[in-house]
J.: 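Quick one: the structure is below, questions incoming.
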Amino acid sequence: MSYGGNSSSSRRPWKYDVFLSFCGQDALTSFIDFLFNELVRDGIHTFRDNEELNKGEDISSELMEAIEGSRIAIIVFSKNYASSTWCLDELVKILDCKRKNQTEKVMPVFYKVDPSDVRKQSNTYAKAFKTHEKRFKKKMGKVKAWRVALTEAANLAGWDQRNVADGHEAELMKKIVDEVLKIVNETCLHVAEHPIGLDSHIKPIGRLLNDGGLDVVRIIGIYGPSGIGKTTIAKAFFNDMFRNFEGSSFLANVREVSSQCNGVALLQKQLLSDVFKRKVEDINNEDQGIIIIKERLYCKRVLIILDDVDKMEQFCKLVGRHGWFCPGSRIILTTRDKHLLDKLETNEKYLVETMNQYESLQLFSRHAFQQNHPLEGYEQLSNEVIHYAGGLPLALEVLGSHLRKKIQVEWENELKKLRKIPNDQILEKLEISYNGLDDFDKTIFLDISCFFIGKNKSVVITILDACGAGGEAGIKLLIERSLITIDEDNLLHMHDLIRDMGREIVREQSPRKPGGRSRLWDNDDVIDVLKNLTGTDAVEGIQLNLFNLKKDRLTIVGFSKCLI
């Protein structure tokens, strides 16, 4: 087995969860009624044919469609099941759909009948076939197909009602419903409206998981800034691979949920419920949950994904370490913090990089034009938006949806607006990274976003240290949080939208009066403040480009803090 499949694959859209096949001539109406009601009560969309006693010779096209559109088929074999040619035709169709993967699972139930009678067509089944062979002398091929279908179905894993304690029907129904729920609840996650460019990530992640062999536990981290697509990639990988494991769980929004009252215990319950496909209630606190997870999962080969982890304790209380799990298990976590992955000693780390030009144009076009390329006349405008988004999937999706069905003049106006004030939806997502910083690191982040992009790291550290900011440690942390990068020339860089997010945070301190903001970097704003004496004690730093500056009278009256 290897990890990393086709992320574009999608599951078949089922019309029904379950198709019930049974013989209405037998005295099992109450059993079928109770079973049907139990399935429906648990939210399982079930089809049963209530016209059993008034059927013609051939099953209807409606019934054919119901079988083809059902994810699971439950066949209740009773003493007279084989007497009904209608039931036998249903059975042939069900098994045909199973072979074609139109039906995912076929479950036989032997109700007061020996499975060997079904398999070998003996006793009441033998009597039924004597009748069929007389009636269908010219259609013996059909009779043979019925026999083959009965033998095939009887060899499938199912339930013998006689083996349930005291033949208790309620217990049998519970076993059937529980098994159906395991399958029905095994649902793929919604990945994205337009899952573009995912294969370029899924395959290398699969290779990282394969390193070291399949008989060991592997823990890898997926990291990168907010909006880069970490969660989307993790979901796509989960959908591709969860069926290859004995149990699986995708824990979304770990950071947010764990901050709630008893949040870690809630996540522990969800993890166990997902893996064992049943509701878990016996966790009252996170310490108890740690013990239960260790005891119950050590012998199960599982796939567990922790999405948006920002603290070591979250990881430790949910999945602990390699020794908690059966060999072959895979643990993946997504985070914005590379240093966290170092502390957790993950086997591998995978950095999610921005989309290339081709993928960016395709993703944006799907949202803006509902096709893979821009409409005629919108090519240049689309390229401007893509340049602004800088390969960030979140921005491409938000802006594409925002500009959909707008005329060119509206596009031009929106672009002008974006250059001054970033889109709120994008800002809200990106600010999660900023809000996770402490006050000292927020200060350094805002200084860099306003003043120091493209500047030499050593020079920036000297300036920050002179202002008492602790520059080297702060820059190191911002790199670990995927907020800044350092190039081979030791220069600081920041994604344009992350830069704009930082500058918008400063602008919002005093939207209409630049002199009330903590940092001034725009030449026009600086000159306006200096000329009109509108500076205040709120200003902590100023950047002024003196090139081509007119000989206006400028003054620093009103300022009391250091200038940059």
J.: Are Arg99 and Glu152 ion-paired here, with the side-chain N under 4.0 Å from a carboxylate O?
T.: yes
J.: Using atom types as modelled and distance alone, determine if a side-chain donor or acceptor of Glu246 lies under 3.5 Å from a backbone N or O of Arg301.
T.: yes
J.: Just say parallel, tilted or perpendicular for the rings of His367 and His194, cut-offs at 30° and 60°.
T.: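 Rings of His367 and His194: perpendicular, as their planes differ by over 60°.
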J.: In terms of relative ring orientation, are Tyr81 and Phe77 parallel, tilted or perpendicular, with 30° and 60° separating the classes?
T.: perpendicular
J.: Crowded around Glu353 CD? As in, over 12 foreign heavy atoms under 6.0 Å?
T.: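 12 or below, so no.
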J.: Measuring only between side-chain heavy atoms, which start at C-beta, is Pro393 closer than 4.5 Å to Thr232?
T.: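 A side-chain contact under 4.5 Å is absent here.
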J.: Would you call Met312 and Leu340 a side-chain contact if the rule is heavy atoms closer than 4.5 Å?
T.: yes
J.: Check this for me: Gln260, atom CD, are more than 12 non-hydrogen atoms of other residues, nucleotides or ligands nearer than 6.0 Å?
T.: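 Counting neighbours around CD of Gln260, more than 12 heavy atoms of other residues, nucleotides or ligands fall under 6.0 Å, so yes.
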J.: Does atom CZ of Arg404 have more than 12 heavy-atom neighbours, drawn from other residues, nucleotides or ligands, at distances under 6.0 Å?
T.: yes
J.: Where is the tightest heavy-atom contact between Phe364 and Ser382, given as atom of each residue plus distance?
T.: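 Of all heavy-atom pairs spanning Phe364 and Ser382, the closest is CE2-OG, 3.6 Å.
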J.: With a cut-off of 6.0 Å (strictly less than), are more than 12 heavy atoms of other residues, nucleotides or ligands near NZ of Lys300?
T.: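 Check passes, neighbour count above 12.
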J.: Please determine whether a side-chain nitrogen of the Lys or Arg among Glu348 and Arg218 lies less than 4.0 Å from a carboxylate oxygen of the Asp or Glu.
T.: yes
J.: To the nearest 0.5 Å, how far apart are NZ in Lys317 and OG in Ser258?
T.: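 So the NZ of Lys317 and the OG of Ser258 are separated by 9.5 Å.
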J.: Hey, what do you get for CG (Leu272) to OG (Ser249), rounding to the nearest 0.5 Å?
T.: 8.5 Å
J.: Provide the closest heavy-atom pair for Cys326 versus Cys299 in the form atom of the first, atom of the second, distance.
T.: CB-C, 3.7 Å
J.: Identify which one of Leu208, Leu341, Ile222, Thr335 satisfies the side-chain contact (heavy atoms from CB on, under 4.5 Å) criterion when paired with Lys349.
T.: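 Output: one option passes, namely Leu341.
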J.: Salt bridge between Lys203 and Asp199, side-chain N to carboxylate O under 4.0 Å?
T.: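 Not counted as a salt bridge, because no side-chain N and carboxylate O are separated by less than 4.0 Å.
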J.: Can you name the nearest heavy-atom pair linking Ala265 to Asn285, along with the distance?
T.: CB-C, 4.0 Å
J.: Any chance NZ of Lys120 has more than 12 other-residue heavy atoms, nucleotides or ligands included, within less than 6.0 Å?
T.: no
J.: Please report the shortest heavy-atom distance between His402 and Lys406, naming the atom on each side.
T.: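 Closest approach of His402 to Lys406: O-CE, 3.1 Å.
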J.: When you measure from the side chain of Glu359 to the backbone N and O of Met355, does any donor-acceptor pair fall under 3.5 Å?
T.: no
J.: To the nearest 0.5 Å, what is the distance between OH (Tyr111) and CG (Leu35)?
T.: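 Reported value, rounded in 0.5 Å steps: 11.0 Å.
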J.: Supply the atom-to-atom distance Ile283 CD1 to Ile290 CD1, rounded to the nearest 0.5 angstrom.
T.: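 So the gap between those two atoms works out to 10.0 Å.
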J.: For the pair Phe19 and Phe47, name the ring-plane relationship: parallel under 30°, tilted 30 to 60°, perpendicular over 60°.
T.: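 Geometry flag for Phe47 against Phe19: parallel rings.
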J.: Please name the residue in the list His201, Lys230, Arg207 that meets the side-chain hydrogen bond (donor to acceptor under 3.5 Å, both in side chains) test with Tyr350.
T.: His201
J.: Taking atom OG1 of Thr346 and atom CD1 of Ile220, what is their separation to the nearest 0.5 Å?
T.: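 These two atoms lie 8.5 Å from each other.
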J.: Test Asp114 against Arg119 for side chain to side chain contact (heavy atoms under 4.5 Å, CB included), laying out the working first.
T.: CA-CA 9 Å; Asp114 192 319; Arg119 187 180 301 109; 6.0 Å; no
J.: Heavy-atom distance under 4.5 Å between the side chains of Lys93 and Leu63, does that happen here?
T.: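 Lys93 vs Leu63: side chains apart.
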J.: Using a 3.5 Å distance criterion without hydrogens, assess whether the side chain of Asp96 forms a donor-acceptor pair with backbone atoms of Val92.
T.: no
J.: Is Ser273 reaching over with its side chain to a backbone N or O of Val280, donor-acceptor style, under 3.5 angstrom?
T.: yes
J.: Is any side-chain heavy atom of Lys338 closer than 4.5 Å to one of Leu351?
T.: no
J.: For a quick test of reading the model, state the closest non-hydrogen atom pair linking Glu379 to Glu376 and the distance between them.
T.: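 Where Glu379 meets Glu376 most closely, the heavy atoms are OE2-CA, 3.4 Å.
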J.: Does Arg41 come within less than 4.0 Å of Glu38, counting only side-chain N to carboxylate O?
T.: yes
J.: Can you see which heavy atom on Arg71 is nearest to which on Ile183, and at what distance?
T.: NH2-O, 2.8 Å
J.: Does Glu68 pair with Lys15 as a salt bridge, N-O distance under 4.0 Å?
T.: no
J.: Using only atom types and a distance under 3.5 Å, with no angle test, would you say the side chain of Ser259 pairs donor to acceptor with the backbone of Glu256?
T.: yes
J.: Would you say the side chain of Leu91 lies within less than 4.5 Å of the side chain of Trp146, judging by non-hydrogen atoms?
T.: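 The answer is no; the side chains never approach within 4.5 Å.
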J.: Tell me, do Val309 and Thr334 make a side-chain contact under 4.5 Å, heavy atoms counted?
T.: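 Not touching, per the 4.5 Å side-chain cut-off.
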J.: Salt-bridge test for Asp17 and Lys105: reply yes if a basic N is under 4.0 Å from a carboxylate O, no otherwise.
T.: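 Judged by the 4.0 Å cut-off on N to carboxylate O distance, Asp17 and Lys105 do not form a salt bridge.
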J.: Determine whether a donor-acceptor pair (N or O, by modelled atom type, separation under 3.5 Å) exists between the side chain of Thr124 and the backbone of Asn80.
T.: no
J.: Answer whether the closest heavy-atom distance between the side chains of Val148 and Leu95 falls below 4.5 Å.
T.: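 No; the side chains remain at least 4.5 Å from each other.
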J.: Would you say that more than 12 heavy atoms from the other residues, nucleotides or ligands in this model lie under 6.0 Å from the NZ of Lys79, or not?
T.: no
J.: Could you check whether Asp178 pairs with Lys174 (Lys NZ or Arg NE/NH1/NH2 to Asp/Glu carboxylate O, under 4.0 Å)?
T.: yes
J.: Quick one: CD1 on Ile67 to OG on Ser70, what's the gap to the nearest 0.5 Å?
T.: 7.5 Å
J.: Would the number of heavy atoms belonging to other residues, nucleotides or ligands and lying under 6.0 Å from CD of Gln371 be above 12?
T.: yes
